[in-house]
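Here's the structure, in structure tokens; my notes come after.
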Amino acid sequence: MTSHIINAELLEEMYEGKDLGLSYAADGVVFKIWAPTAFTVSLVLYKTGGSAVAYGREQAARDSGRIVNMQRQEGGIWQARLHEDLKGMYYMYRAVFEDGTLNEAADPYAKAVSANGVRSAIVDLQDTDPEGWDRDVSPALPHPADAVIYELHVRDFSAAADSGMRYKGKFKAFTEFGLTNSAGQAIGIDHLAELGITHVHLMPVADFQTVNELGVNSERSAEPFFTEYNWGYDPQHYNVPEGSYSTNASDPGTRIREMKEMVQALHSKGISVIMDVVYNHTYSVEKGPFQPLVPDYFYRHDYTGRLSNGSGVGNELATERPMVRKYIKDSLAYWASEYHIDGFRFDLMGLMDSVTMREIAEELRLEVNSDLLLYGEPWTGGDSPLATKTLKGVQKGKGYAVFNDNFRSAIKGDSDGWGKGFATGEYGKEGAVASGIKGAIHEFTDSPVETVNYVTAHDNLNLWDKVLATQGLRQAARLPELENGRLKYGGSVEAAVAAADPYIGIDPDDILGNETVRRTLLANGIILTSQGIPFLQAGDELLRSKYGDHNSYRSPDAVNAIRWENKDKFLPVFEYYKGLIALRSGHPAFRLHGRQEIERSLEFLRCDGGVVAYLLKNNAGGDVWNNIVVIFNANPGPVSQRLPETDSCWNIVVDHTAARADAFRSVQDPEVQIEGLSMMVLYDKYGQPEPRSKMVEIRYERPDGDYRGWNLWVWGTGIQDGQHDFRQMEDGGAVARIEVLPETSSVGYILRLNDWEEKDGAGDRFIDCSGSRERVKVTIRDRRQENSGDKNDPLQMTS
């Protein structure tokens with residue numbers, strides 16, 4: 001396609017409406033597309049999905065389509081309104097440019113598509129709601145610190161032959177309840193609930209390009225980019241579920257309904273759903289969702305005018321441009337509202353400008369779901385000309401979190417090689433581990449919930465294989481050498497996997513005594529007892545191996561599938577993870593809410609010689625345990641650790657043998673011995689803690705109803721000072737809730753626009769929090785647009 005010069009005047013035509021794409025009703029359909037540089041745009045209606053046409057079959061001659069001229073509107077919009085029921089039809093947009101170039105493309109705002117995304121589809125979304133969808137409720141998330149995230153690929157979940165699931169590789173596998181393995185242990189969705197995680201982070205489920213949705217035996221299998229399996233970081237249609245995960249990709253409504261059924265099933269088990277989203281690049285430019293209709297606008301370019309490549313895959317989206325930013329925000333709002341999605345993880349978030357990320361966090365919570373969990377990768381895949389990258393530290397006070405790769409590397413070492421960290425045999429990492437334990441509050445966060453703590457994710461070696469590599473056991477375990485889903489030197493991947501022995505040396509009668517097992521439990525034990533948001537890779541609790549494949553994005557099921565047989569084989573490992581998660585969930589000391597709370601409550605006892613030990617003191621976070629000691633021993637042999645003085649004994653809930661919510665032994669001595677490559681958690685006694693906090697609820701009312709960018713800067717809370725956003729709308733006002741210590745008599749605040757672009761009101765203001773009230777409510781009214789009030793300080797506050 002010919003490259004086009006962007007007309008700056010035309011691209012100043014912006015559209016703020018939330019109805020781009022297709023608006024369906026039985027008595028009429030409206031189509032709207034933003035294409036300001038097009039000379040003319042037409043709507044083309046089709047009776048078929050076009051999959052046969054795309055592969056050159058005879059049907060092309062009978063599927064020429066019905067052309068409807070679209071009318072140019074203000075803001076660069078082209079619109080067509082048809083007073084007929086078009087449900088079941090398909091459509092495309094045909095744009096002609098001033099130089100005569102003609103492009104036909106699917107709707108970038110499409111909410112339904114035909115198989116392989118060839119054409120946009122017209123559906124009534126109400127028809128796609130499963131039974132009871134109107135009663136589906138997201139699980140409560142009282143605070144982001146309460147989350148325990150579990151990263152999972154839809155196909156990996158059910159693809160293994162031993163899964164016992166009927167809908168292998170499909171959304172519907174999550175709706176299969178009551179499944180057990182041969183030993184009667186829960187697998188599938190019941191396993192997730194038993195484990196105790198709060199959020200499933202689904203690797204990309206929006207429509208992606210390189211998996212053939214019609215099956216491996218179709219003509220498309222010969223195309224050079226085709227793979228049977230992919231992680232999904234090759235986006236095609238941003239607002240449509242992936243068809244290969246549905247039972248019938250040729251029916252546009254099926255994938256929508258079945259994804260909703262998956263979300264509904266997880267919610268019924270008390271598990272929230274996070275979508276992994278890829279708004280930093282597209283798989284293709286010329287054949288992508290944007291370039292054919294608005295050439296060059298959606299993509300970032302370098303100083304020479306060439307496509308920039310901060311993603312490492314050939315292009316990056318220009319998120320800083322207003323209509324790109326709007327597209328992303330509209331897309332996220334659609335997923336959160338139509339599919340009841342509870343959070344988003346942003347791929348290569350470093351390539352998204354900081355203003356876009358800030359507006360996403362603010363507007364989605366205020367307008368869609370106040371409890372959305374938002375986080376992403378604070379790095380890029382290469383150099384980018386973007387000046388306002390969202391890197392570590394940029395998220396401070398902005399309502400979203402970033403992955404803590406400093407903590408990751410300190411615990412395990414490098415990601416793919418032999419390099420070691422604290423849990424894998426390297427001394428000198430104790431200080432970096434301690435920084436991560438504190439939620440990085442003295443490193444790059446203002447609050448512990450701005451860090452996502454993890455040791456491994458889908459990228460790079462998974463935890464078990466990484467530990468094997470640091471132990472020099474890859475060859476002994478006969479792990480194959482894999483590249484791009486194939487054996488490096490040829491042959492059958494399945495045969496090589498069958499011949500491997502990744503669990504070499506494990507004694508089935510002493511599983512927790514194995515060195516590799518101990519190192520993996522130590523690594524994730526640190527994660528699950530640290531301040532911040534813990535993140536696990538699916539299968540860690542089953543000692544999952546991917547047979548040494550550090551980049552399994554297109555490897556077969558033999559490599560990627562979760563082997564449910566491992567639950568019975570390694571049940572003590574599963575029980576250990578389950579116990580650690582229960583410990584975290586049951587004790588707020590491990591889930592402190594703010595910087596000041598951590599600084600007051602967490603004290604390090606030792607941080608050297610392969611040992612990190614710390615104390616959570618004085619009923620930290622309102623915990624019923626008076627004092628809690630956590631010790632990590634990365635030495636091969638036992639060490640002794642002196643315990644703080646107490647007038648009681650120390651009760652052990654975690655050691656090298658088990659992790660439980662209740663004590664299973666106790667020590668009276670002033671010192672305790674911790675076995676090699678293990679952790680220990682002890683508490684001294686139950687107490688009578690004071691209430692953890694009381695709540696200050698601030699309601700802000702503006703006559704213009706425009707709350708975009710407004711936030712509170714607060715101090716004196718004793719828990720988390722700094723920026724606090726308004727999180728929800730109630731009766732026309734924006735509401736923020738601030739935690740303060742029970743003994744707090746006064747908390748200060750300033751109303752501001754973004755980062756001090758403007759202040760609302762003159763000087764500092766204070767809220768009286770004295771007394772025994774558990775909740776203090778105040779209303780702040782902006783009176784500048786009223787006839788009365790003090791013009792020097794136009795705010796009016798009422799309690």
Side-chain angles (χ1 to χ4, degrees), residues 138-151 198-206 238 263 271-280 319 325-337 339-379 388-404 439-440 444-454 457 532-535 593 708-709 711 720 722-728 736-737 754:
S138 295
L141 180 64
H143 194 276
D146 299 332
V148 179
I149 301 171
Y150 186 89
E151 184 198 43
T198 65
H199 289 69
V200 162
H201 159 150
L202 294 171
M203 291 171 66
V205 292
Y238 280 97
V263 173
I271 299 172
S272 298
V273 180
I274 294 170
M275 274 183 64
D276 198 331
V277 289
V278 191
Y279 295 109
N280 63 81
T319 62
R325 178 178 294 155
K326 172 179 168 52
Y327 181 90
I328 294 170
K329 291 192 295 185
D330 287 351
S331 177
L332 291 166
Y334 172 69
W335 285 110
S337 56
Y339 288 85
H340 303 178
I341 296 300
D342 306 299
F344 298 97
R345 176 266 194 192
F346 295 88
D347 182 60
L348 293 184
M349 189 171 65
L351 292 177
M352 298 179 67
D353 69 286
S354 57
V355 173
T356 295
M357 285 306 307
R358 176 73 192 101
E359 291 186 6
I360 286 169
E362 170 198 304
E363 294 176 21
L364 261 66
R365 290 203 179 101
L366 199 58
E367 299 172 6
V368 183
N369 180 353
S370 62
D371 293 332
L372 282 177
L373 196 61
L374 305 172
Y375 58 97
E377 295 179 301
W379 50 74
T388 54
K389 298 179 182 70
T390 303
L391 306 175
K392 277 183 300 189
V394 173
Q395 88 294 335
K396 285 186 175 182
K398 297 300 182 287
Y400 58 93
V402 297
F403 283 99
N404 189 344
F444 61 85
T445 72
D446 271 345
S447 160
V449 294
E450 293 174 358
T451 173
V452 173
N453 300 326
Y454 74 118
I533 302 172
F535 174 105
H593 289 181
R708 290 175 297 180
N711 61 79
Q720 181 61 48
Q723 180 171 320
H724 286 258
D725 288 343
F726 294 99
R727 298 293 287 265
Q728 64 191 83
R737 293 180 174 88
N754 296 320

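Quick caveat, the model's predicted, so the values are computed rather than measured. All heavy atoms count here, side chains included; hydrogens, waters and symmetry mates do not. Index from 1, following the sequence.
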Identify, with sequence neighbours excluded, every residue that meets side-chain hydrogen bond (donor to acceptor under 3.5 Å, both in side chains) alongside [X].
X: Y375; result: H201
X: E151; result: H458
X: N453; result: T451
X: R737; result: E697, Q728, E730

### Task
Identify, with sequence neighbours excluded, every residue that meets side-chain contact (heavy atoms from CB on, under 4.5 Å) alongside P378.
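Checked P378 against side-chain contact (heavy atoms from CB on, under 4.5 Å); matches are K392, V402, F403.
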### Query
Under the side-chain contact (heavy atoms from CB on, under 4.5 Å) test, which residues partner P144, sequence neighbours left out?
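With neighbours one apart ignored, the set is L373, V449, I533.
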Taking ring-ring contact (aromatic ring centres under 6.0 Å, His included) as the test, write out the residues that go with [X], two or more places apart.
X: H340; value: W133
X: H593; value: H143
X: Y279; value: Y238
X: W335; value: Y339

For the atom pair [atom1] ([X]) and [atom2] ([Y]), what is the distance rounded to the nearest 0.5 Å?
X: H724; Y: S447; atom1: NE2; atom2: OG; value: 8.5 Å
X: F344; Y: I328; atom1: CZ; atom2: CD1; value: 12.0 Å
X: D725; Y: S370; atom1: CG; atom2: OG; value: 12.0 Å
X: E359; Y: L332; atom1: CD; atom2: CG; value: 12.5 Å
X: I274; Y: L372; atom1: CD1; atom2: CG; value: 9.5 Å

Say whether, by atom type as modelled, one donor and one acceptor occur between the side chain of [X] and the main chain of [Y] under 3.5 angstrom.
X: D276; Y: L202; result: no
X: Q395; Y: T390; result: no
X: N711; Y: F726; result: no
X: K398; Y: K396; result: yes
X: Q720; Y: D446; result: yes
X: N280; Y: D347; result: yes
X: T445; Y: G439; result: yes

### Message
If I compare all heavy atoms of L141 with all of A147, which pair ends up nearest, and what's the gap?
### Response
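Taking every non-hydrogen atom into account, CD1-N, 4.1 Å.
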### Task
Kindly give the heavy-atom pair with the smallest separation between P534 and G532, and that separation in Å.
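So the minimum-distance heavy-atom pair works out to CD-O, 3.6 Å.
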### Query
So which pairs with a foot in residues 363-378 pass salt bridge (Lys or Arg N to Asp or Glu O under 4.0 Å), sequence neighbours left out?
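Sorted pair list: K329-E363, R345-E377.
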### Query
Hey, mind stepping through V200 and V273 against side-chain contact (heavy atoms from CB on, under 4.5 Å) and telling me if it holds?
CA-CA 5 Å; V200 162; V273 180; 5.6 Å; no
### Message
Is the shortest side-chain heavy-atom distance between V394 and Y400 below 4.5 Å?
### Response
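A side-chain contact under 4.5 Å exists here.
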### Flag side-chain contact, heavy atom, 4.5 Å: T388 against M357
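No; the side chains remain at least 4.5 Å from each other.
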Report all side-chain donor-acceptor pairs from residues 348-355 shorter than 3.5 Å, counting only partners two or more places apart or in another chain.
from: D353; atom 1: OD1; to: T319; atom 2: OG1; distance (Å): 2.7
from: D353; atom 1: OD1; to: E320; atom 2: N; distance (Å): 3.2
from: D353; atom 1: OD1; to: T356; atom 2: OG1; distance (Å): 2.6
from: D353; atom 1: OD2; to: R325; atom 2: NH2; distance (Å): 2.8
from: D353; atom 1: OD2; to: V355; atom 2: N; distance (Å): 3.3
from: D353; atom 1: OD2; to: T356; atom 2: N; distance (Å): 3.0
from: D353; atom 1: OD2; to: T356; atom 2: OG1; distance (Å): 3.2

### Query
For the side chain to side chain contact (heavy atoms under 4.5 Å, CB included) test, which of I341, D342, V263 pairs with M275?
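In the set I341, D342, V263, the residue that makes a side chain to side chain contact (heavy atoms under 4.5 Å, CB included) with M275 is I341.
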